[in-house]
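Quantities reported herein were computed from a predicted structural model and do not represent experimental measurements.
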Amino acid sequence: MSRDSAASAPGRPGARPERPAGRRTAGSGWERLMEGGLLQGGVQGSPVLRLVMRWVRRPLLPVMRLWRRNIQLKIVVTTLLMSLGVVLLLGFVVIGQVRNGLLDAKVKASQSQAVGGFTVAGQKADSAVSASGGDDNSGTGTSPVQNVSGWMSDLVESLSSGGQGAFDVVTLSTTAVDSSDNRGLGPRASGDVDPSQSVPEDLRRRVGSGMGVAQSYTRIVYTDSDRDPQPALIIGKQINDPNGHPYQLYYLFPLTQEEKSLSLVKGTLATAGLFVVVLLGAIAWLVVRQVVTPVRMAAGIAERLSAGRLQERMKVTGEDDIARLGEAFNKMAQNLQLKIQQLEDLSRMQRRFVSDVSHELRTPLTTVRMAADVIHEARVDFDPVTSRSAELLADQLDRFESLLADLLEISRFDAGAAALEAEPIDLREVVRRVVSGAEPLAERKGTQIRIVGDQQPVVAEADARRVERVLRNLVVNAVEHGEGKDVVVKLAAAGGAVAIAVRDYGVGLKPGEATRVFSRFWRADPARARTTGGTGLGLSIALEDARLHGGWLQAWGEPGGGSQFRLTLPRTADEPLRGSPIPLEPMDSRRNRGLNEAGQSQGGSGKLATVPAQSTGERASIAPRMAAVTPTADPTALPGNGARVVPRPTGAVRHREDSTQDPSRGDGPHE
């Protein structure tokens with residue numbers, strides 16, 4: 001199609017014929033449906049079509065699910081379809097060969113019979129002429145024309161008498177004879193054949209043109225209404241009657257016997273093909289079952305192994321490949337059980353060791369603390385070196401006591417003995433207590449702590465002591481690493497979640513450190529001695545406290561641009577978290593500022609955009625979502641670690657799996 005014709009075609013962009021203003025063509029609605037709906041993907045926007053598609057898909061969903069999950073069904077159905085295709089192809093070839101063979105034999109026999117009949121008809125015409133005296137002026141007074149009608153009937157009866165149902169004979173007069181004085185010669189037929197409907201017009205024209213013998217396929221129609229039409233081969237030729245006028249002689253050979261033979265072959269092939277397809281399907285099912293059954297057994301045992309039932313083993317029979325696979329699987333399960341048992345014993349010993357050492361150290365530590373207090377109070381009477389040693393001793397004992405308390409808390413989390421005392425609290429009061437306690441440290445560092453979002457109550461069911469410990473750790477860390485810059489504590493609530501974010505503008509976090517900062521005793525610079533900061537367990541304990549609430553504790557940071565830690569808690573005890581009202585990456589990050597400036601330079605459209613993945617592997621939304629939007633899925637407590645979340649227990653400590661969503665999606669409600 002040329003470019004011009006394509007442009008002017010209906011339903012395509014380009015030049016269109018002028019239409020009267022204010023009138024709508026009859027096909028305009030259908031064109032809009034096709035252009036804006038079906039052809040351009042508008043089906044999804046049409047409620048009716050979407051309802052129809054849903055109605056069609058609903059019964060197919062179980063079948064599709066079974067097809068995806070059952071490999072045996074896939075193989076058997078594929079085998080059946082391929083076998084059916086092969087049988088159909090073979091059947092078409094065989095039926096074609098049989099049909100051609102039967103028709104070829106029938107055509108040859110019919111042609112031989114018809115040629116003989118045409119010869120006999122010619123001989124009879126010559127005999128009739130000889131018997132009548134040769135010509136009209138012989139002196140006998142008798143003309144052959146007067147006996148043509150009876151002669152034609154005798155000819156049809158004579159020729160058809162040798163058929164005995166194998167063929168029928170039909171004679172038809174030509175147009176020239178019908179228009180002459182001999183128009184009284186009508187069609188003749190044997191066996192109640194209707195000549196006008198049984199002889200095709202096309203064949204009559206070919207025979208009338210004098211081309212010799214012509215043949216065609218037709219259906220014999222009988223004058224007797226009780227007899228059904230039947231397929232036949234018709235062969236005709238134009239011959240002269242005794243009067244010298246041409247007429248058409250046809251032989252009709254019924255193909256009933258050949259049709260029965262072909263139907264018998266078709267039925268036999270269909271029965272054999274169906275039997276072969278079913279047999280191949282049964283064979284495929286049996287063969288696949290021998291392979292799939294051990295695989296299913298292995299899958300079931302693997303699921304039970306993953307559920308903790310390490311004593312499960314496969315039943316192995318024989319010495320084939322499947323048996324060797326089962327033996328290898330059992331050896332793997334045995335080694336896995338042994339290794340896990342060893343790791344559990346080692347972990348149990350380590351937890352017991354930490355707990356025992358922590359408890360055993362409390363008594364001597366108490367004694368040492370009493371002696372150190374006495375020495376520290378009398379340091380004014382010592383020389384400067386001894387006095388300084390007394391001060392260092394007191395400071396390190398304080399540090400030792402904090403470390404011992406943290407180790408005891410960690411051991412309780414590891415043993416699953418941590419209990420949550422949740423009650424409705426206003427988190428603003430907890431934040432204010434934490435900020436008030438951190439103000440002396442902030443004054444020494446030259447830092448100002450600001451609280452944002454405390455105009456409205458932020459109420460949640462939580463353990464005030466644990467939440468305060470988490471926030472104290474975050475705020476103190478922000479002040480110590482803030483390099484004298486402001487620290488912002490932000491509160492927000494949306495849907496079923498509340499969040500508290502602590503933002504500093506200090507050294508920040510390098511790429512990858514946001515997921516490692518919650519590890520026990522982890523340090524950004526391992527070569528540097530720990531002379532400042534806490535025990536190295538504060539963020540680990542804070543993370544466990546957040547998990548105990550069924551909440552999330554996440555970190556974001558950029559080198560030189562500060563960091564932000566976000567604590568997200570559910571409002572009620574049994575409500576799962578689906579989002580956070582505060583984005584993990586703050587609005588004043590370098591990248592967000594760059595994106596905002598780029599948006600303003602391009603026209604200031606003001607549209608919200610989703611920030612792409614950062615170097616730390618996290619994503620954030622430029623603007624926080626509206627509080628009226630119901631939050632959806634959100635990340636795990638610790639980005640990228642697949643950590644578990646421990647919900648608030650009611651009487652006994654309970655555990656449940658945390659959300660498995662990507663931690664990079666924790667910047668507000670999203671799907």
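- Heavy-atom contacts from other residues, nucleotides or ligands closer than 6.0 Å to NZ of Lys331 number 12 or fewer.
- Nearest heavy-atom pair, Glu258 versus Leu102, reported as atom, atom and distance to 0.1 Å: O-CD1, 3.8 Å.
- Taking CZ of Phe92 as the start and NZ of Lys266 as the end, the distance is 9.5 Å to the nearest 0.5 Å.
- Residue Ile283 holds its CD1 atom at 10.5 Å from OG1 of Thr79, rounded to the nearest 0.5 Å.
- In this structure, Ile220 CD1 and Asp228 CG are separated by 12.5 Å, a value rounded to the nearest 0.5 Å.
- Arg219 places none of its side-chain heavy atoms less than 4.5 Å from the side chain of Gln197.
- Contact between Arg204 and Leu172 at its shortest, heavy atoms only, is NE-CD1, 3.6 Å.
- Not one N or O on the side chain of Arg309 forms a donor-acceptor pair closer than 3.5 Å with the backbone of Ser306.
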Using the side-chain contact (heavy atoms from CB on, under 4.5 Å) rule, take Val193 and Tyr250 through it: C-alpha gap first, then chi angles, then the decisive distance, then the call. CA-CA 12 Å; Val193 175; Tyr250 296 95; over 6 Å; no

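- Few gaps surround CE on Met332; more than 12 heavy atoms of other groups in view lie less than 6.0 Å from it.
- For Ile71, the CD1 atom is loosely surrounded, since the number of other residues' heavy atoms within 6.0 Å does not exceed 12.
- Between Phe118 and Tyr251, the angle of the ring planes goes over 60°, which puts this pair in the perpendicular group of the 30/60° scheme.
- In this structure, Leu103 and Leu255 have side chains that are in contact, with non-hydrogen atoms separated by less than 4.5 Å.
- For Glu319, the CD atom sits in a loose shell: 12 or fewer heavy atoms of surrounding residues, nucleotides or ligands are nearer than 6.0 Å.
- Between Ser83 and Leu280, the shortest heavy-atom contact is OG-CD1, 3.1 Å.
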side-chain contact (heavy atoms from CB on, under 4.5 Å), that's the test. Do Ile301 and Met297 meet it? Break it down for me. CA-CA 6 Å; Ile301 294 176; Met297 185 185 302; 3.9 Å; yes

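- A donor-acceptor pair under 3.5 Å is absent between the side-chain atoms of Ser112 and the main chain of Lys108, judged by distance alone.
- Note: Thr119 OG1 to Lys124 NZ = 12.5 Å, rounded to the nearest 0.5 Å.
- When all heavy atoms of Phe167 and Leu159 are compared, the closest pair comes out as CE1-O, 3.4 Å.
- A donor-acceptor pair under 3.5 Å is formed between the side chain of Ser198 and the backbone N or O of Val221.
- Put simply, CG on Asp104 and CZ on Arg99 are 11.0 Å apart, with the number rounded to the nearest 0.5 Å.
- Side-chain atoms of Asp192 do not come within 3.5 Å of backbone N or O of Tyr222 as any donor-acceptor pair.
- Counted within 6.0 Å of CZ on Arg289, heavy atoms from surrounding residues, nucleotides or ligands total 12 or fewer; the atom is thus considered open.
- Ionic pairing of Arg206 and Asp202 is present here: one or more N-O contacts between side-chain nitrogen and carboxylate oxygen are shorter than 4.0 angstrom.
- Residue-environment remark: CD (Gln230) exceeds the threshold of 12 foreign heavy atoms within 6.0 Å.
- In this structure, Ala214 and Val207 approach most closely via the heavy-atom pair CB-CG2, 4.0 Å.
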Val199 vs Thr218, test: side-chain contact (heavy atoms from CB on, under 4.5 Å). Steps then yes/no. CA-CA 7 Å; Val199 180; Thr218 184; over 6 Å; no

Begin from the C-alpha positions of Leu80 and Leu84 and carry the test side-chain contact (heavy atoms from CB on, under 4.5 Å) through to its verdict. CA-CA 6 Å; Leu80 288 175; Leu84 183 60; over 6 Å; no

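- Judged purely by atom type and a 3.5 angstrom limit, Ser158 has no side-chain atom pairing as donor or acceptor with the backbone of Asp154.
- Paired with Leu249 under the rule side-chain contact (heavy atoms from CB on, under 4.5 Å), one option of Val120, Thr171, Ile235, Val156 passes, and it is Thr171.
- Other residues, nucleotides and ligands place more than 12 heavy atoms under 6.0 Å from the OH atom of Tyr217.
- Within the 4.5 Å cutoff, side-chain heavy atoms of Arg313 are placed close to those of Gln337.
- Among all heavy-atom pairs drawn from Arg188 and Ser153, the shortest one is NE-OG, 2.9 Å.
- Here the straight-line distance linking atom CG of Leu252 with atom OG of Ser190 works out to 8.0 Å at 0.5 Å rounding.
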